[in-house]
Amino acid sequence: SETRGLGQVVWDAGLVLAAYLAQTYSGRGIAQGTLIGRHIVELGAGPGVPGIVAAHCGARVTLTDLQPTLREICAPNADANRLAIKSSRRKGSSGGSIRIAELLWGTDMGVDVLPPGVGDCADVVLGADIVFDEEHFPLLLHTLQQLLPQRRDVAPTVHTEVDTDNKTHGRHSASKTSKTEKKRGG
């Protein structure tokens, strides 16, 4: 049996973020229309659910991840939604666009991540449950600083789970208590 990678799962945090985007930015949401034309990059997109919802809200979205997740999960989901996004644009509503790009955190970004016509940075960066190992934070911070060069106050929030034996865990468990910390990069 084939082992599933972390990026091949729809994590609860991704569903919560997608629901927030849908409720806030589409239909009768309090910020309806504010994503139209904005360039959004979703990091560690996996199935790409939040980014796909943002595209339906009018954003120009780039879903990023690594292979094979990008090819096996992300691209088919983007393809399956592309027609509906395009169709909503033709009907005069706020349909955006969606594309995919491979992105290894901590490396210089290729031109695929920031397409022509959007400037040299993203308007919004999405990520939900994307870091499972603390050693990846410097790489993530480097990538965020490239995507948002005008923002020098980027400070990812780290949610760490601690069980009753004071052992740190990266995943949510209903039987554990939690604390939130902030990490700042150089």
Side-chain angles (χ1 to χ4, degrees), residues 1-26 35-89 94-133 135-137 139-148 154 156 159 170-172:
S1 106
E2 187 178 328
T3 304
R4 297 175 104 187
L6 294 173
Q8 298 182 338
V9 175
V10 179
W11 295 97
D12 288 345
L15 295 175
V16 169
L17 179 55
Y20 169 79
L21 292 169
Q23 291 170 0
T24 305
Y25 297 101
S26 68
L35 291 183
I36 296 172
R38 307 278 310 267
H39 183 247
I40 295 179
V41 175
E42 183 178 357
L43 299 176
V49 176
I52 290 168
V53 169
H56 280 282
C57 293
R60 296 181 296 167
V61 177
T62 303
L63 303 174
T64 68
D65 213 317
L66 298 173
Q67 301 295 354
T69 299
L70 198 64
R71 177 183 62 251
E72 295 175 0
I73 305 295
C74 196
N77 286 348
D79 291 343
N81 281 275
R82 210 170 260 119
L83 182 61
I85 292 165
K86 186 177 181 180
S87 175
S88 66
R89 266 197 325 256
S94 61
S97 63
I98 196 157
R99 51 196 307 280
I100 63 167
E102 186 169 14
L103 178 60
L104 178 63
W105 298 349
T107 62
D108 289 333
M109 287 183 291
V111 294
D112 292 345
V113 176
L114 295 172
V118 300
D120 62 351
C121 63
D123 294 315
V124 177
V125 176
L126 298 176
D129 231 350
I130 58 174
V131 178
F132 295 91
D133 191 337
E135 71 185 34
H136 294 129
F137 278 106
L139 304 173
L140 173 59
L141 184 59
H142 174 83
T143 299
L144 288 170
Q145 288 172 334
Q146 282 190 317
L147 288 167
L148 303 166
V154 173
H159 183 78
R171 291 190 183 166
H172 171 72

Just by distance, do the side chain of Arg60 and the backbone of Gly37 share a donor-acceptor pair under 3.5 Å?
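Pair found, side chain donor or acceptor close to backbone of Gly37.
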Given 3.5 Å as the limit, does a donor-acceptor pair link the side chain of Asp65 with the main chain of Gly46, or not?
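Answer holds: yes.
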Nearest 0.5 Å please: distance from the [atom1] atom of [X] over to the [atom2] atom of [Y].
X      : Y      : atom1 : atom2 : result
Ser97  : His39  : OG    : NE2   : 7.5 Å
His142 : Leu147 : NE2   : CG    : 9.5 Å
Arg71  : Leu66  : CZ    : CG    : 11.5 Å
Trp105 : Thr143 : CH2   : OG1   : 7.5 Å

How close do [X] and [Y] get, counting heavy atoms only, and between which atoms?
X      : Y      : result
Val41  : Ala122 : CG2-CB, 3.9 Å
Gly14  : Pro50  : O-CG, 3.4 Å
Leu63  : Gly51  : CD2-CA, 3.7 Å
Ala54  : Leu21  : CB-CD1, 4.4 Å
Pro47  : Ile52  : O-CD1, 3.9 Å
Gln146 : Thr107 : OE1-O, 3.1 Å

Between Arg99 and Thr62, do the side chains contain a donor N or O and an acceptor N or O under 3.5 Å apart?
yes
Do [X] and [Y] have side chains that approach each other closer than 4.5 Å (heavy atoms only, starting at C-beta)?
X      : Y      : result
Leu17  : Val53  : no
Ile40  : Leu126 : yes
Glu102 : Leu104 : no
Asn81  : Ile98  : no
Cys121 : Leu148 : no

Does Asp12 form a side-chain contact (heavy atoms from CB on, under 4.5 Å) with Asp129? I'd like the steps, not just the answer.
CA-CA 8 Å; Asp12 288 345; Asp129 231 350; over 6 Å; no
